[in-house]
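Note that this is a predicted model, so its numbers are computed, not measured. Every heavy atom of this structure was used, including side-chain atoms; hydrogens, water molecules and symmetry mates were not.
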Amino acid sequence: MRILIYSYNYYPEPIGIAPLMTELAEGLVKRGHEVRVVTGMPNYPQRRIYPGYRGRFYKCEERNGVKIERTYIWIRPKPSLLDRLLLDGSFVLTSFIPALMGPRPDVILTTVPPLPVSLSATLTGWVHDCPVVLNVQDIQHEAAVHVGLLKNKFVIRAFEALEKFANRAATRISVIADGFVENLVGKGVPREKIDLIPNWVDVNFIRPLPKEDNAFRKAHQLEGKFVVLYSGNIALTQDLPTVIKAAACLRENPNIVFVIVGEEKALSRVSDYCQMYGAYNVKLIPFQPREKLPEMLAAADVSLVTQKHNVIAFNLPSKIPVILASGRPIVASVPSTGTAARAVQQSGGGIVVPPEDPIALASAIEKLYYNPEKVEKLGKQGRQHAIDFYSSEQALNRYEELFSSLMPQPVSKVKPLPN
């Protein structure tokens with residue numbers, strides 16, 4: 001099959017949807033498919049175009065058999081609402097031409113957010129007369145309204161109309177968690193149009209490694225410590241203040257160290273929180289290269305997933321499968337009724353505590369510190385769950401089956417009856 005992946009994020013961006021789409025594209029190539037990716041100039045999470053891509057309107061390259069076509073985007077380090085709209089709009093406009101001018105695909109897979117890209121992907125599908133699969137990673141505008149980030153009624157209505165169009169126009173919709181299924185069915189999307197394909201992880205790349213002789217631990221003076229790791233996006237919904245307050249609760253124990261890995265500018269805000277709450281047992285470390293991700297995850301004794309209490313229920317952090325695959329337990333400070341809590345509980349690889357409750361978070365961490373047998377048990381259960389439910393091979397099988405089901409079925413030749 002000829003497959004066009006229409007995704008704003010792609011390699012070399014290290015976190016979020018980029019590694020997932022990269023693994024999917026390269027995995028499909030290994031299975032004999034022809035894959036082309038239309039994407040933006042790499043910029044995430046710093047929100048600055050990477051060196052080597054700046055000042056370009058278009059750049060075509062190939063990596064591991066995947067043809068990658070990158071186009072100009074409007075990007076600002078601290079985007080306002082207008083900047084975000086210009087970012088989405090610029091990608092829709094600049095990406096449409098290479099998507100349209102390339103060879104006719106048999107199927108288009110487009111990832112949202114950003115939601116406006118569904119416009120250009122749908123038009124490309126109409127012109128080429130091929131099916132479009134909408135991969136919903138987040139319903140971003142709904143989440144933004146839920147936490148109070150988006151209040152402009154005109155913009156809200158516009159996004160709701162755009163979402164309705166995208167859902168109707170898509171041939172099929174793939175979602176990453178059952179909470180999304182419930183959300184879309186509630187909006188009138190037929191259940192048979194929705195395919196549940198969880199996000200995945202390369203369980204051969206992300207795997208349990210020994211803490212002893214760990215390069216990340218050595219580099220950051222963590223040997224002999226009980227390491228509580230938070231790694232990933234640092235934004236409003238992630239609720240890092242609760243983590244810092246929990247660390248402050250445990251500062252009298254010199255053996256427990258919190259490590260926060262994130263984008264450098266965001267870490268400066270976290271540093272202010274550390275000073276404010278006297279959390280001197282927190283180490284702040286910039287994002288690591290992707291090739292060092294397995295040893296960084298292996299350096300932890302436990303890893304954190306945090307959300308605020310008002311985060312929308314269907315939101316599922318992509319880091320959950322990754323942490324489980326590393327063989328380290330999760331302590332999830334998340335709403336008990338949400339998809340994230342359900343995923344952690346079903347995995348058997350972690351524990352869930354109430355969100356925005358630093359005392360509950362600190363207590364859960366301290367109990368695990370004094371119970372290494374439970375830490376080991378949770379880690380093993382989580383690893384097995386990742387292999388059983390989140391392996392990239394399973395995701396490849398499911399997407400391959402989905403794409404194949406959308407291909408025109410060959411017409412069988414019927415022999416004429418003899419005279």
Side-chain angles (χ1 to χ4, degrees), residues 1-14 16-31 33-44 47 49-50 52-75 84-138 140 162 165-166 169-174 396 399-400 402-403 406:
M1 284 182 285
R2 279 183 174 173
I3 302 166
L4 171 61
I5 296 180
Y6 212 133
S7 175
Y8 168 73
N9 297 106
Y10 196 75
Y11 174 89
E13 293 170 327
I17 188 63
L20 292 169
M21 288 300 111
T22 304
E23 290 168 5
L24 179 63
E26 294 179 358
L28 289 167
V29 165
K30 288 179 182 177
R31 294 189 175 201
H33 302 289
E34 183 180 322
V35 181
R36 184 165 64 100
V37 174
V38 173
T39 186
M41 297 294 175
N43 65 88
Y44 191 74
R47 298 191 184 278
I49 303 297
Y50 288 13
Y53 296 92
R54 293 172 186 163
R56 292 175 176 265
F57 189 82
Y58 173 83
K59 181 177 175 64
C60 183
E61 54 194 7
E62 185 172 310
R63 182 177 186 271
N64 294 334
V66 179
K67 183 179 180 182
I68 309 166
E69 297 184 76
R70 304 184 185 275
T71 64
Y72 168 83
I73 52 171
W74 169 281
I75 190 73
R84 290 178 186 275
L85 295 175
L86 288 171
L87 166 61
D88 293 352
S90 65
F91 180 59
V92 168
L93 292 174
T94 62
S95 63
F96 180 58
I97 295 174
L100 194 62
M101 298 302 290
R104 178 192 179 277
D106 294 311
V107 64
I108 298 171
L109 174 70
T110 182
T111 64
V112 297
L115 185 57
V117 76
S118 61
L119 289 171
S120 45
T122 298
L123 289 174
T124 303
W126 286 348
V127 171
H128 287 304
D129 190 25
C130 70
V132 176
V133 176
L134 184 70
N135 172 236
V136 180
Q137 292 284 326
D138 192 5
Q140 204 171 46
L162 184 55
F165 165 81
T171 313
R172 294 278 275 277
I173 302 172
S174 67
L396 282 167
Y399 271 109
E400 205 170 31
L402 172 57
F403 296 158
L406 301 177

Donor-acceptor pair, Thr39 side chain versus Arg70 backbone, under 3.5 Å?
no
Give a yes or no on whether a salt bridge exists between Arg63 and Glu26, defined as a side-chain N under 4.0 angstrom from a carboxylate O.
yes
Nearest 0.5 Å, what's the CG-CG distance between Leu402 and Asn135?
10.0 Å
Over all heavy atoms of both residues, which pair between Val112 and Val117 is shortest? Give the atoms and the distance, please.
CG1-CG1, 3.9 Å
Of all the heavy-atom pairs spanning Pro113 and Gln137, show the shortest one and how long it is.
CD-CB, 4.2 Å
How far does CG of Asn9 sit from CG of Asn43, to the nearest 0.5 angstrom?
7.0 Å
Looking only at non-hydrogen atoms, find the nearest pair between Pro19 and Pro14 and report the distance.
CG-O, 3.3 Å
From Glu69 atom CD to Glu61 atom CD, the distance as rounded to the nearest 0.5 Å:
10.5 Å
Surrounding CD1 of Ile97 (heavy atoms of other residues, nucleotides or ligands, distance under 6.0 Å), is the total greater than 12?
no
Main-chain N/O of Thr111 paired with Ser7 side-chain donor or acceptor, under 3.5 Å
no
Whether Glu13 side chain and Tyr10 backbone form a donor-acceptor pair below 3.5 Å:
yes
Backbone of Ala169 reached by a side-chain donor or acceptor of Thr122 within 3.5 Å
no
Is the shortest side-chain heavy-atom distance between Val37 and Met21 below 4.5 Å?
no
Test side-chain contact (heavy atoms from CB on, under 4.5 Å) on Asn64 and Tyr11 and set out the steps.
CA-CA 11 Å; Asn64 294 334; Tyr11 174 89; over 6 Å; no
Show your working on side-chain contact (heavy atoms from CB on, under 4.5 Å) between Ile108 and Val133 and close with a plain yes or no.
CA-CA 6 Å; Ile108 298 171; Val133 176; over 6 Å; no
side-chain contact (heavy atoms from CB on, under 4.5 Å) between Ile49 and Ile73, intermediate numbers included:
CA-CA 9 Å; Ile49 303 297; Ile73 52 171; 4.0 Å; yes
Atom CG in Leu109, atom CD1 in Ile3: separation rounded to 0.5 Å?
8.5 Å
Going from CG on Leu28 to CE on Met1, what distance comes out if it is rounded to the nearest 0.5 angstrom?
7.5 Å
So, the side chain of Ser90 versus the backbone of Trp74: is there a donor-acceptor pair under 3.5 Å, distance only?
yes
Within the side chain of Arg104, is there an N or O that forms a donor-acceptor pair under 3.5 Å with the backbone of Asp129?
yes
Beyond-backbone contact of Thr71 with Pro98, side-chain heavy atoms, under 4.5 angstrom:
yes
What heavy-atom pair brings Asp88 and Pro114 nearest, and what distance separates the two atoms?
OD1-CB, 3.3 Å
For Arg31 versus Glu400, what's the shortest heavy-atom pair and its separation?
NH1-OE1, 2.8 Å
Within a 6.0 Å radius of atom NZ on Lys30, are there more than 12 heavy atoms belonging to other residues, nucleotides or ligands?
no
Side-chain donor-acceptor pair present, Ser95, Tyr8, cut-off under 3.5 Å
no
CZ-CD1 distance between Arg84 and Ile75, expressed to the nearest 0.5 angstrom:
9.0 Å
Backbone of Val132 reached by a side-chain donor or acceptor of Thr171 within 3.5 Å
yes
Which pair of non-hydrogen atoms, one from Ser118 and one from Leu162, has the smallest distance, and what is that distance?
OG-CD1, 4.1 Å
Donor-acceptor pair, distance only, cut-off 3.5 Å: does the side chain of Arg36 make one with the backbone of Lys67?
no
Parallel, tilted or perpendicular: ring planes of Tyr6 versus Phe91, cut at 30 and 60 degrees
perpendicular
Report the C-alpha separation of Leu119 and Phe96 in whole Å, then their side-chain angles, then the decisive distance to 0.1 Å, and conclude whether the side-chain contact (heavy atoms from CB on, under 4.5 Å) test is met.
CA-CA 9 Å; Leu119 289 171; Phe96 180 58; over 6 Å; no
